[in-house]
Each structure stands twice: as C-alpha cells, then as structure tokens.
Amino acid sequence: MTGLALTLFVLAAVLVAMCCVGADRVRSVRRRTHPSGGDLPASAFVAARTALLVMAAICVWQGVEGLAAANGDEWSDDELTSAVRQSADDLDGYWYRESSLTHDTPYFDDYASLIEERVVRYGGGGAPQTGVSASPLSGDPDADGEFTVSADGTDRAFCLHVEKSRWKKQDYTPPGITGGESATVYRELAYRLTVRARGGAC
C-alpha cells in the first residue's frame, strides 16, 4: 500500500510538471512533428492544464488515503508497548475454570489466543484489530511458560511469562451430581494466572 501511494505522488508531480511546459514550446514541437497541422488555440492549453491538475489532485488524494490505510493496518511501537503492558496487568490474577474430564475451557482456545485477544483489545482506537502474534517459547500454546508478543508494523517485541496455579477455592461442582467410588464426578477446576512482561523477545 505504501509503494502504491508513493507511485501516485510521483505521478502527481509528473502531471504538475507537464502543466508547466510553455505553450510556445508545445507549438514548436508540434510544428516539427506535424508540420501540416495548424497551431493549437490558447483554449486547448487551458483545458489540458486543467485536466492535468485535476488528475494530479486525484493522485495526491488517493496517495494520502493509501498512506492512511497503510498506517491503520500496522502497529506502532507505542501502541504495542501500551497494549502489552495493559494486557499483562489485566491477565495477572486472571482466573478461569476448565472441565475435569476434558480439560477444555469455554473462555479461550489457548494461552496464545488469550494474549493476542487482550493485546488487540488494549490497542486503542488507532491500532489495527489484527496482526498480533503470541508465539510460545515451548511451541505449545496451551502450556504456561513464555510467549513472545509481536505485531505487524513494528520490530518491537515483548516477552510475557505466564504461570498457571490451581485455585481450588473456585472449583465448581454442579448441584445434584454425586458419584461413588467407581464413578467420576464432573467438576470444573479453577486456575489462576500470574503474568509478567518484559521488553524483548523471549
């Protein structure tokens, strides 16, 4: 998108330069290339210059729009820094439950997706709603550990250390479910996260 915008700006400059070519010079070239043709009237030059300036203005406008769109698709250093810090503060102490039978949680897919969702949320109105990556150092997005957070448009990265601990106080057993010695009682097991952020990749 940025390359296209720059091309439009160059084209606009060329069109403006064409407007600056004198009428006498155009007539001289025309006499050499088309000697049988008559002289061009002054009104033709006015119309041509008007059309060229209008096209140049359109190119500049489209170029500016393209740059704005490109900026809207990329994260800045400040946006990512602020979003990661707020996400770490928000997730520190975050707790959730998962099934004791399947160990699935209905609240998020894995820690990587949870981090990415939080960073996008705290990116602010000017930041994109995509382009954030939380790459687990262990290669397993479900495991607690360290995650490198990066985003499109900036070379800055952060390392989030995520540690999971059991919080039995918040375990949940649905009412009316009982089990004997050979039966498995369904419960929802509670966990709490400790999250710390530091600058640089993990």
Side-chain angles (χ1 to χ4, degrees), residues 1-13 55-99 102-167 170 188-202:
M1 188 66 74
T2 302
L4 178 58
L6 293 177
T7 301
L8 289 172
F9 290 144
V10 171
L11 179 58
M55 287 189 292
I58 292 174
C59 287
V60 170
W61 172 59
Q62 289 294 326
V64 171
E65 290 290 320
L67 287 178
N71 290 334
D73 290 338
E74 295 182 343
W75 288 76
S76 68
D77 291 353
D78 291 340
E79 287 171 340
L80 183 61
T81 300
S82 175
V84 169
R85 288 175 178 170
Q86 292 184 71
S87 298
D89 290 342
D90 184 23
L91 292 175
D92 188 40
Y94 176 85
W95 69 277
Y96 63 92
R97 295 191 182 104
E98 64 181 31
S99 166
T102 63
H103 298 287
D104 292 332
T105 170
Y107 305 103
F108 54 89
D109 295 330
D110 47 50
Y111 291 124
S113 65
L114 177 63
I115 293 170
E116 291 167 359
E117 183 272 331
R118 283 299 194 280
V119 173
V120 168
R121 178 188 300 183
Y122 288 110
Q129 297 300 300
T130 57
V132 176
S133 174
S135 304
L137 190 62
S138 66
D140 183 0
D142 290 312
D144 57 344
E146 294 187 326
F147 294 78
T148 296
V149 181
S150 58
D152 295 341
T154 174
D155 294 329
R156 185 163 295 183
F158 293 85
C159 183
L160 261 63
H161 178 81
V162 179
E163 185 176 347
K164 176 179 70 173
S165 58
R166 282 280 283 120
W167 197 13
Q170 293 294 339
E188 293 180 359
L189 308 179
Y191 295 88
R192 183 163 47 185
L193 299 180
T194 300
V195 179
R196 297 289 182 268
R198 69 173 187 269
C202 299

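Summarising the geometry of Ser135 relative to Ser133, their closest heavy-atom pair is OG-OG, 3.4 Å, with the distance given to 0.1 Å. Scanning both residues, Trp75 and Ala83, for their nearest heavy atoms gives CZ3-CB, 4.1 Å. When all heavy atoms of Ser138 and Ala143 are compared, the pair lying nearest together is OG-CB, 4.3 Å. Minimum heavy-atom separation, Phe158 to Thr81: CZ-OG1, 3.4 Å. Pairing each heavy atom of Pro106 with each of Arg97, the nearest pair is CD-O, 3.9 Å. Among all heavy-atom pairs drawn from Pro128 and Glu79, the shortest one is CD-OE1, 4.4 Å.
The closest donor-acceptor contact from the side chain of Ser82 to the backbone of Asp78 lies at 3.5 Å or more, if one exists at all. No donor-acceptor pair closer than 3.5 Å links the side chain of Trp167 to the backbone N or O of Tyr96. Between the side chain of Thr148 and the main chain of Cys202, a donor-acceptor pair closer than 3.5 Å is present.
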Only pairs under 3.5 Å count here: list side-chain donor-acceptor contacts from residues 112-121, not counting sequence neighbours, and write none if there are none.
from, atom 1, to, atom 2, distance (Å)
Ser113, OG, Asp109, N, 3.4
Ser113, OG, Asp110, N, 3.0
Ser113, OG, Asp110, O, 2.8
Ser113, OG, Asp110, OD1, 3.2
Glu116, OE2, Ala134, N, 3.0
Glu117, OE2, Arg121, NE, 3.2
Glu117, OE2, Arg121, NH2, 2.8
Arg118, NE, Asp90, OD2, 2.7

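To the nearest 0.5 Å, atom CG of residue Leu137 and atom SG of residue Cys159 are 7.0 Å apart. The distance from the CG atom of Asp152 to the OG1 atom of Thr130 is 7.0 Å, given to the nearest 0.5 Å. How far OH of Tyr111 is from CG of Asp142: 8.5 Å, rounded to the nearest 0.5 Å.
Note on residues 192-202: pairs passing side-chain hydrogen bond (donor to acceptor under 3.5 Å, both in side chains), not counting sequence neighbours, are Asp92-Arg196, Glu146-Arg198.
Side-chain contact between Phe147 and Val162 is present, with heavy atoms from C-beta onward closer than 4.5 Å.
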